[in-house]
Number of protein chains: 2
Amino acid sequence: MRGMSLRIALLGLLTAYGSASGYDLTKKFERSVAHVWQAGHSQIYPELAKMTADGLVTVEAEGARGRKIYSITPEGRAELRAWLVGHDPTGPARSEVALQAFLLPLLDPGEALDVLERLKAYMEQKQAELEALWAAKHASPVPEGTSGVKFGNLALDLGIRQTRTTLEWANDAMAQLERQA
Amino acid sequence: MRGMSLRIALLGLLTAYGSASGYDLTKKFERSVAHVWQAGHSQIYPELAKMTADGLVTVEAEGARGRKIYSITPEGRAELRAWLVGHDPTGPARSEVALQAFLLPLLDPGEALDVLERLKAYMEQKQAELEALWAAKHASPVPEGTSGVKFGNLALDLGIRQTRTTLEWANDAMAQLERQA
DNA sequence: GATTGACATGTCAGCTCTTACATGTCACCT
DNA sequence: AGGTGACATGTAAGAGCTGACATGTCAATC
């Protein structure tokens, strides 16, 4: 039961937004889950086929242009619930930003400052995107959601906080490097 | 030039700590880089072989028990520097914790609280580990490092801040769920 | 009537990564 | 002399993922 996060993400989206096609789900990945997990259609289509074979989803209907509408089965719901409740969050730590941070002292301070400057710009842009998403969500009048919390908001909040933290770190690291130079 | 982070990490370690064997580098991964990037020996040995073929590292000497001592070449140094200075930090976003956060509203509040409680415990433990590392580094009298900043400290600082942020988020999310229940 | 572009689904080569298997050396303890 | 455990290097199957290739439908514009 390793690395089945793509499966879980798909089951989650099918639960939250109701039935959808592979195409729809690909769009959801681009738009709503992108800050949390990424997957392209070339990964999603085969996975849906496997999940159908495993009985976690079914093809509810076939629409125009070969469109296949998937929906989650009780087995799928059980699988999702079991993962959410039982999954140990020991995900492999792999962050390119952190790796860059780790290796930064190998550069001389001037170059390191440049790298941090670029990182800062990237993070600021990301922050703006996330905050725009936040604003958009809070403007609309409760669209979808299972409990009182709007779907995806907790994750969005986490993302915004983490971006802010990275930004603060970059600023402090720059100040530290400037003191040395 | 995609996903060459393992290469970069190895080049970085060879620069920072001088020449080392595959075994040594595996240990460094377990101990010093683990919070930033992960790799086992079965990934490291073949990669070192490829890097040798590409002229980025050389086998400096062969010691006892078949031990091979690698060191970085000028080409390797150039490659590392180019990556650090020129790399765009657009790493694929893939966080199991964030995915769990995203899907959390699919559970009822009681179960969601349990999940957050477990996450909090995990993060607290991680935080303790990182802070112990920090304390250990600040106790010893400047061991290795290229500039004035001790090697790996910037990354450690980032890790500690991010863990703290996740912890704060978990607490606030729990408070929010409790208000609903 | 033709082109454009969004819709829609798939496959495949090749890389990364994980897990497990496999082999052998050397120092130390009993 | 035998056993344990750290040292040390490798291979291989299979999953995960990326990027490119491939195919076709439908609606709207020119």
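Only this structure's heavy atoms are used, side chains among them; waters, hydrogens and symmetry mates stay out. First the proteins, then the strands, lettered A, B, ... as listed; each starts at 1.
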J.: Assuming nearest nucleotide by heavy-atom distance, tell me which of A:Q38 and A:G66 is located more 5' along DNA chain D.
T.: A:Q38
J.: Would you call B:R161 and A:D172 a salt bridge, using N to O less than 4.0 angstrom?
T.: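 Looking at B:R161 and A:D172, the cut-off is met.
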J.: Using only modelled atom types and a 3.5 angstrom limit, is any donor from either the side chain of A:S42 or the base of D:dG19 paired with an acceptor on the other?
T.: yes
J.: Rounded to whole Å, please give me the gap between CG in B:L48 and P in C:dC17.
T.: 14 Å
J.: Would you kindly give the CG-to-C1' distance between B:L6 and C:dC15, to the nearest whole Å?
T.: 12 Å
J.: Would you mind checking if B:R7 and B:E47 are paired as a salt bridge, meaning a charged N to carboxylate O distance below 4.0 Å?
T.: yes
J.: Report the distance from atom CE of A:M51 to atom P of D:dA15, rounded to the nearest whole Å.
T.: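 It is 16 Å, rounded to the nearest whole Å.
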J.: Whole-Å distance between C:dT18 P and B:E30 CD?
T.: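 Taking atom P of C:dT18 as the reference, CD of B:E30 is at 13 Å.
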J.: Want to settle it: does B:P46 or B:R94 sit nearer the 5' end of DNA chain D, counting the closest nucleotide to each?
T.: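 Final value for this comparison: B:P46.
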J.: Rounded to whole Å, please give me the gap between NZ in A:K68 and P in C:dT9.
T.: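 Answer to the nearest Å: 8 Å.
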J.: Could you check which of D:dG16, C:dC17, D:dA8 has an atom nearest any side-chain atom of B:Y23?
T.: D:dA8
J.: Does D:dG5 have OP1 or OP2 sitting under 4.0 Å from an N or O in the side chain of B:R65?
T.: no
J.: Take the protein atom NE2 of A:H41 and the nucleotide atom C1' of D:dG19, then report the distance between them rounded to whole Å.
T.: 10 Å
J.: Ignoring hydrogens and geometry, is there a side-chain-to-backbone donor-acceptor pair from A:W134 to A:I160 under 3.5 Å?
T.: no
J.: Respond yes when some side-chain nitrogen or oxygen of A:Y45 is under 4.0 Å from OP1 or OP2 of C:dG10, and no when none is.
T.: no
J.: State which of D:dC17, D:dG24, C:dT16 makes the closest approach to the side chain of A:Q43.
T.: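 Selected nucleotide: D:dC17.
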J.: Using whole Å, report how far CZ of A:R67 lies from P of D:dC26.
T.: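 Nearest whole value for this atom pair: 13 Å.
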J.: Rounding to an integer number of Å, can you tell me how far B:W37 CH2 sits from C:dC17 C1'?
T.: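 Interatomic distance, CH2 of B:W37 to C1' of C:dC17: 11 Å.
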J.: Would you say the side chain of A:L158 lies within less than 4.5 Å of the side chain of A:V36, judging by non-hydrogen atoms?
T.: no
J.: Is a salt bridge present between B:E129 and B:K126, judged by a nitrogen-to-oxygen distance below 4.0 Å?
T.: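 Here B:E129 does not pair with B:K126 in a salt bridge, since their nearest N and O are not under 4.0 Å apart.
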